[in-house]
Structure formats: C-alpha cells, structure tokens
Amino acid sequence: MLPIQLFRQNKELILNGIAKKNFKGAELVDKVIALDEERRRLQAENDALAATANLAAKNIGKLLSEGKKQEAELLKTEVAANKDKAKDIALLINEAEAELHATVVKFPNLPHSSVPFGKTPEENEVVRSGGVKPDLSAQKQPHWELTEKYGLIDFELGNKLTGSGFPVYVGQGAKLQRALINFFLTYNIDAGYKEYYPPYMVNEATAYGTGQLPDKEAQMYQTKEEGFYLIPTAEVPVTNVYRDTIVADNNLPVKMTAYTPCFRREAGSYGKDVRGLNRVHQFDKVEIVQLAHPDNSYDILENMVLHVEKLIQLLGLPYRILRLCGGDMSFASALTYDFEIYSAGQDRWLEVSSVSNFETFQSNRMKIRYKDENGKTQLVHTLNGSSLALPRIMAGIIENYQTPEGIRIPGALQPYFGKDIIN
RNA sequence: GGAGAAUUGGGGGAGUGGUUUAACCCACAGAUUUGCUAAAUCUGCGCACCUCAAAAAGGUGCCACUGGUUCGAAUCCAGUAUUCUCCGCCA
C-alpha cells in the first residue's frame, strides 16, 4: 500500500509511477486526496468533541465527590446533547476511512527508476545470460515424455486423485523432488537464511499483508468452514512472521527461507503452455525473504539475484535474467528480476524464479518497522525471491540432461540424490 | 466436541466504575558523580492519528479483538480469538 502522505506531498510522483506501470486510475489520485482531507477534518472535529466530553466527565466526578449532586446532574444533561453529534461524526469517520483505504489499496507499487518502460513481456530487458544450451541433436524429447518413459511422474494418476494440474511424483521422480528441496534449503541456510516451516494455510490478515487480498482472492484456494487460504507461495506466511513488529535496526537485514508447497488456482489456459510441469495447481518451492534497511535494500536485491544465479549455475542449466518492464511487473513490486532457464526438450524459456524489492509496499500493510538513528519508527523494505521453484527446474534438468543412457544428475545435486543417473 | 479459568506496556506485575495522567520492580537510553572489567543518583522510557509550514506544544484513541451499558470503563455486559486445566475423541 502506498503511504497516504505521498498523495498529499508528491502527486506527480504517483502519476508518473502508475503510468509506467500501466495502471489506469489517474483520477483516483484526486479522490484519495479529497477523502484524506475529509477524514482529517472529521477527525479534528471528533477529537474536539471528545476532549469536551472528557473534561465534563471529570468535572462530574469532582462535583459528585464534593456532594454537589444537583450541579452534577445539570452537567450530565448538557453532555448528553453532544453525544448524538459525536456518534454521527464517528460514523462518518468510519465511512471516510473505509473508502479511503479501499481506494488507496487499489494503487500498485511505484516502479523503481531503473524499470524499463513497456507493456508486454516482450519489452522486458535481458540483463545477462549464462550457461550453455545442450546439443541434443535429433533425440530431444519434452519432459512429459521423459517422465513417462522413466516412470517419474504420473499425470493421469493426479487427474484421478484430484484433477488436472496435480501431478503425482513417483519413485525416483519423488526422490529427485526431495533432493532438490534439500539442496536448495541447505544452500540458502549456508548463506545465512534462517529456515522456517510455516503453515500451508493462512488467515485473512496474513493474506492481506503481502497483497494477495483484496484483489487476488480468486488466485487462492480457500477452506469452506474456516475461510483459510491455501498459500500461493511461502512469501505469504514467512513475510508475515514480522507483521506488527518493530525490528531493532542492528538486526537488519532479517533473512528467512522456507520450503512449502504452493497452491494456485490459475485462470484456465490450455495447450503446450500448461503441458506437463509447465504450469500446475500445486507445486513445491523454496523461497527466500529479507527485511532490509531502505538505505541498502537495492544492494540486497542484487545480492539475492547473485545468490539465485549461483544456484542455477550449480545445476548447470542455461539461463537468462530479465529486468521486468513496468507493464509486466507484479502489483506490489518496485523492481523485479525474473530468471528463466532454457528447456531444451521444448525449445523454450521457463520462468523459475522471480526476485523483487517491494520497498515499503508490503511493510506498510503489515506494519513491519525499525527505529532509525533518530529513534523514529520507519517502514522496512521487504524483498523476496524463489530459490527455486521446483517443477520447471525439474523439467529443465530432465530435458537438458537427457541422454540415450538416461537422465544425468547435475554434480551438485548428486550428494542429495545419491546417484548420478536416472535410467 | 464439553466444562472451567485466564489474557494489562520490552519482561514481571498492581489495579473490580471517577485525582490512575495504568502504581511498583526489572530491562533499556541519556546526564551527573565516584572511579574502572563496575556502582550510585537524577531524568527519560510505547504505538497510531489529528492540529501546526516545521519545531515546540497540545488533542484523540489504544489494557487480546469487536461491539454494548454509562456523564465517565483496564474495571460492568455480550460475542470472537488465543492460552492453561479437566473430561471426551484421535494419528
């Protein structure tokens, strides 16, 4: 959520920012400013009334203790007249606040100055790429053929048990999944991230904190009785660990990592884009989250990018890093780098990680703060990234490492998998 | 699932309708003094919003949460959440 003060102080900044992000709602800016003025006016009025009432109540108490009962009764009737007025104003304040809030949360985060202009994924900027595309000559197959051939994933069984988009990993496929999770977590923990194992369901306040609510409700599965949301990413519970807290600034940055399944009800889409592991409703992911001081959050973002890049390099997958253009960025992000690996069996790029700085957009909702050198409370910057999302990494390994003898296992993963080939 | 009890600031903890402006202790920060792996004394010590160009100052709200009763609520009432104890059920 954008801070309301920003609307008062720097309207131009907001107008420019939302234009870059391709958000159509310039007229809402003036609405926010008007509602904010209304709210403040009402509050000043309300406070004055309350101050009078408080004083009167105190005087009544004093009169009663002095035994002046009649005078006290007289004062009571005077005060009662103000009560209705105060009640009306309180009601108006609630209305104004609710509408103000509902309007402000519609605004996306403002993009960082380095974010390229653009509306579509084609306008994302390739920052750099690495790794070598394998030469598979004529024998290349997509992962859904290979997983069937080696009995690693049973998509049909998933259809039977649940529905489409819920693959069942079997035998060495399940083991590969487990090895990847373990490898990723160990790599993150070695880099100083503290491991969390959070709930897979969250309440409304938590889903609101990271920006899933109110607008992205349709993306999440929800339990019928309790109304809990199944997490679409570990970012949701993990970032909320620090909701409503003030972190000592010498404890920044806070580094957290978690493995969780992720549940997403995506809008219907068919064909090769969603074939196999390319897009599923339940998948595993290891996430990294940091809470950072605003002064160095962009250095930290670059560090997180290097961290993820190294991990992909360890797996020996060809990759590229994109800086997303304004129109392709997520609602809450100020700057996002996407990682894509080249999937040789399909001859296409697959997104495996997204690393973002949200600045104060999430912390303003969650009230995650620190004390600055003057003792003033300030909002922290929140950042997160995938390290990594499992299914597409699995697809990439299976396709890029396919050989006539079987699927080779990248060297760095072998200690976790226990052997060097699937055949 | 049933019955009972509880929830106060960073921690402990007092407070059962009106000089409580939430006592007191600890922790923490600053100053002073004595001096040296510290102690004593004094002062300060939460969050949010509003008035104000800002600072200073003042106002309002916050005792788990949401409402209610009252001129006045940490205190009384109702609902919700969480924790503890006992019973039941259970991997």
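What you see is a predicted model; the values in this text were computed from it and never measured. Any value given below was found using the heavy atoms of this structure, including those in side chains, with hydrogens, waters and symmetry copies removed. Convention: sequence-line order gives letters A, B, ...; per-chain numbering from 1.
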remark   = Per-nt protein contacts along nucleotides 49-70 of chain B (heavy atom under 4.0 Å; B base, S backbone sugar-phosphate only, - none) come out as BSS-------BSS---------
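The number of heavy-atom neighbours closer than 6.0 Å to NZ of A:Lys419, taken from other residues, nucleotides and ligands shown, is above 12.
By the 4.5 Å heavy-atom criterion applied to side chains, A:Tyr337 and A:Met304 are not counted as neighbours.
Across the C1' atoms, B:rU60 and B:rG2 are found 44 Å apart, a figure rounded to whole Å. Nucleotides B:rG59 and B:rU80, compared at atom C1', are 32 Å apart to the nearest Å. Between B:rU16 and B:rA74, the distance separating the two C1' atoms is 10 Å to the nearest Å. Rounded to whole Å, the P atom of B:rA64 lies 22 Å from the corresponding atom of B:rC49. B:rG35 and B:rU41 have their C1' atoms separated by 15 Å, with the value rounded to a whole Å. Comparing B:rC24 with B:rC42, their P atoms sit 13 Å apart, to the nearest whole Å. Remark: the separation of the P atoms in B:rC25 and B:rG18 is 24 Å, to the nearest Å. One P atom belongs to B:rC28, the other to B:rC36, and the distance between them is 22 Å to the nearest Å.
A:Lys58 places its NZ atom 14 Å from the P atom of B:rG18, with the value rounded to the nearest Å. Counting to the nearest Å, the P atom of B:rC28 and the NZ atom of A:Lys371 are 17 Å from each other. Taking atom CG on A:Asp244 and atom C1' on B:rA48, their separation rounds to 12 Å, with Å as the unit. Put simply, CG on A:Asn59 is 11 Å from C1' on B:rC71, counting in whole angstrom units.
At the heavy-atom level, A:Thr77 lies nowhere under 4.0 Å from the strands shown. Within 4.0 Å of A:Ile60, counting heavy atoms only, lies at least one base atom of the nucleic acid.
Residues A:Arg369 and A:Leu75 each lie close to RNA chain B; by heavy-atom proximity, the contact nearer the 5' end of the strand is made by A:Arg369.
The side chain of A:Thr245 places no N or O atom within less than 4.0 Å of a non-bridging phosphate oxygen (OP1 or OP2) of B:rG10.
Ion pairing between A:Glu38 and A:Arg41 holds under the 4.0 Å rule for side-chain N and carboxylate O.
Checked by atom type, the side-chain pair A:Thr210/A:Gln362 shows no donor-acceptor distance below 3.5 Å.
Taking the centre and axis of the six-membered ring of A:Tyr259, the NZ or CZ atom of A:Lys285 falls outside the cone set by 45° and 6.0 Å. Figure legend: A:Arg264 and A:Phe283 shown without cation-pi pairing, the cationic atom not lying both under 6.0 angstrom from the six-membered ring centre and within 45 degrees of its axis.
With sequence neighbours left out, A:Lys194 forms a side chain to side chain contact (heavy atoms under 4.5 Å, CB included) with A:Tyr196.
Side-chain N or O atoms of A:Lys255 include one that pairs as donor or acceptor with a backbone N or O of A:Ala191 at under 3.5 Å.
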message = Assess the residue pair A:Val355 and A:Asn384 against the criterion (side-chain contact (heavy atoms from CB on, under 4.5 Å)); give the C-alpha distance rounded to whole Å, side-chain angles, the decisive distance to 0.1 Å, and a yes or no.
response = CA-CA 6 Å; A:Val355 183; A:Asn384 69 48; over 6 Å; no
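Taking the six-membered ring wherever Trp is involved, the centroid distance between the rings of A:His307 and A:Tyr193 falls below 6.0 Å.
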task = Using Watson-Crick or G-U wobble pairs with both distances under 3.5 Å, give me RNA chain B in dot-bracket, 5' to 3', with [ ] for crossers and | for pairs to another strand.
result = ((((((((.[[[..)..(.....]]].(((((((...))))))).((((((.....)))))).[[[[[..)....]]]]])))))))....
